[in-house]
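Structure record follows, encoded as structure tokens.
As the structure is a prediction and not an experimental result, all values here were calculated from the model. Residue numbering restarts at 1 for every chain, and letters A, B, ... go by the order of the sequence lines.
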Amino acid sequence: MTTLLEARGLSVEIAGRRLVDALDLRIDTGQSWALLGRNGVGKSTLLHTLAGLRPASAGELYCTGDPLHGLTARERARRIAVLLQHSNSGFGTDVLECVLGGRHPHLGALAWEGPHDVAIAQRCLAATGASDLAGRRLDSLSGGELRRVEIARLLCQQTPLALLDEPLNHLDPGHQAALLQVLNTECVGPRHALLMVVHDLNVAWHACTHWLILHTDGRWQAGARSELATEDLLGTAFGHPIERIGTGTGPLFRTRL
Amino acid sequence: MAGHRRLLLAALGLTTGSLLLAVTVGSVDIPAVEAIGHLFTDDGSVHDRIIDELRLPRALTAFAVGGLLAVAGVLMQVLLRNPLADPYVLGVSGGAAGAVLGAMLLALSAAWLTPAAVVGALFSTLLVFGMTHASDDWRSDRLLLTGVVVAAGWAALISFVLSVSPMQQLPGMLFWLMGDLGDATAPGLPLTLLVTAVLLLSLRARDLNVAAQGMLQAAALGVDTARLRMELYFVGATLTAAAVAVGGAIGFVGLIVPHLVRRVGGTDHRVLIPVAALSGGSLLLLADTAARTLIRPMQLPVGVLTALIGVPIFLYLLQRQAAR
């Protein structure tokens with residue numbers, strides 16, 4: 001087991017407001033983390049910080065033992081892949097070209113993608129059920145199709161750690177289930193781990209081994225899902241009563257309406 | 001890959017064709033075969049001198065200026081992730097134009113015009129970039145708006161300079177403002193700059209590909225985006241400054257050419273940049289050839305023609321895009 005990402009006393013601030021206070025977090029291989037919390041609590045900002053895309057206001061981050069901010073952007077992108085919350089269709093790029101973007105950190109400045117890279121891209125498109133989209137232009141795709149293409153690009157990056165911001169956005173139930181399956185086989189394992197922002201507690205329970213809950217005052221809780229999935233804790237975190245039905249390994253969470 | 005090669009070959013064909021047209025037509029028409037002969041041999045005849053001393057230098061200058069504007073447009077559009085961005089919209093050309101007119105008003109010699117343009121363009125760049133950078137989050141719509149406002153400021157300043165300028169200087173200034181290649185006979189500097197820029201940018205081409213997907217996404221894919229942004233802005237400003245110093249304020253090439261090349265499948269910057277350089281050069285060369293032959297012996301400022309050609313094409317593209 002390797003620690004892929006470690007945060008020590010990590011604080012995140014935006015415009016003077018402290019979103020996360022002194023976070024200690026260790027993401028080890030084989031783990032899958034759900035990042036939970038209310039709207040606007042700072043989930044995306046924390047995810048960007050963990051990915052090294054924005055500076056932390058205090059604390060340290062280590063990526064596979066090395067200080068994250070000591071890595072070059074290229075080296076960082078070979079260790080951590082990020083799926084952003086908002087999709088982006090670019091300038092009429094086609095789908096295969098977009099997915100090949102995942103090979104970018106692996107290639108030298110003047111190198112062209114070879115048959116090897118194209119094969120990886122096609123395999124990733126197949127994994128997300130997007131093979132038939134390969135020749136389409138990005139700006140002609142539906143929201144859900146674009147999401148699957150972006151996840152294919154993330155897989156194509158072949159990093160040990162994947163950080164995903166609401167990966168299930170725009171996906172229908174069938175594609176949601178298929179995609180969670182793919183993420184679990186491709187991004188969680190003896191050399192891989194993932195962290196994803198999700199809003200559906202049932203998805204968070206079934207797809208993830210660990211939870212990180214952010215509260216509105218900068219407090220946080222991190223640990224195995226079974227320790228955190230209590231009605232009391234979830235009620236506090238979301239400011240709304242949430243029922244946990246059933247116990248053991250297969251509980252269901254229901255928002256009281 | 002095959003599509004890329006075809007696109008590059010088509011652009012090379014367009015370049016050859018427009019160069020050939022530019023050296024053959026004019027106040028005297030010289031047959032193409034004879035013209036090609038004059039390019040490679042020197043017989044001192046009138047036709048030979050027309051080609052070697054007048055038409056070829058002007059054609060190469062027009063080509064270089066068009067190429068510079070098109071490549072600058074590509075860079076600005078990636079920087080702002082907005083296909084409507086170009087050096088004019090961002091106030092870069094306005095800065096260069098304002099500085100050059102100021103230099104003309106002060107009756108500085110022609111040698112000062114290029115440095116003035118560079119200083120004006122970089123100053124405008126720093127102004128726009130600095131004001132946008134002051135805020136914590138760096139947003140492209142803010143940059144675009146700041147650029148538009150700064151451009152309006154330059155336009156006002158230019159109007160001021162024009163209104164206080166002596167009468168006899170006005171025609172020259174106005175022609176220059178409209179974009180004029182009538183005095184453009186020194187292709188060396190702009191052409192060298194264009195070739196250098198295209199070669200250097202090939203090192204950044206794949207970075208630009210991912211940057212077209214958004215700067216945050218590019219950062220996630222391993223691009224040092226802070227550096228790339230600076231490079232894009234300053235290279236874009238330098239290319240624009242050179243183009244403006246040589247050809248005046250020629251619009252629409254930087255906007256239309258990258259757009260057209262992307263439409264026909266050149267979204268990969270490894271192809272887009274050289275093809276935009278070649279076809280931007282060809283477009284301006286064709287426009288300039290038309291400008292000096294349409295109502296000969298009078299010459300039109302080439303900027304009038306690029307706008308006349310550019311506006312309907314751009315509107316058509318926008319319509320088609322909206323219809324999709």
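- With B:Arg206 contributing its side chain and A:Gly108 its backbone, the two residues share a donor-acceptor pair below 3.5 Å.
- Counting heavy-atom pairs closer than 4.5 Å to chain B, the top residue among A:Glu97, A:Arg74, A:Arg103 is A:Glu97.
- With respect to chain A, the highest number of heavy-atom pairs below 4.5 Å among B:Gln213, B:Gln217, B:Arg270, B:Arg262 belongs to B:Arg270.
- The residue among B:Thr225, B:Asp224, B:Val210, B:Val78 with the most heavy atom pairs within less than 4.5 Å of chain A is B:Val210.
- Residues B:Asn209 and A:His104 bring no donor and acceptor atom of their side chains to less than 3.5 Å of each other.
- Contact count against chain B (heavy-atom pairs under 4.5 Å) is highest for A:Ala111 among A:Ala111, A:Gly102, A:Ala81, A:Cys98.
- Using a 4.5 Å cut-off between non-hydrogen atoms, no part of residues 57-70 of chain A approaches chain B.
- A donor-acceptor pair under 3.5 Å is absent between the side-chain atoms of B:Arg204 and the main chain of A:Ala109, judged by distance alone.
- Rounding to the nearest 0.5 Å gives a distance of 5.0 Å between CG of A:Leu53 and CG of B:Leu216.
- Of the listed residues (A:Leu110, A:Leu107, A:Val82, A:Ile80), the one with the most heavy-atom contacts under 4.5 Å to chain B is A:Leu107.
- Neither the backbone nor the side chain of A:His86 comes within contact range of chain B; no heavy atom of the residue lies under 4.5 Å from a heavy atom of that chain.
- For residues 143-165 of chain A, heavy-atom neighbours of chain B at less than 4.5 Å comprise A:Arg153, A:Gln157, sorted by residue number.
- Distance check, rounded to the nearest 0.5 Å: NE2 of A:His106 to CG of B:Leu221 gives 9.5 Å.
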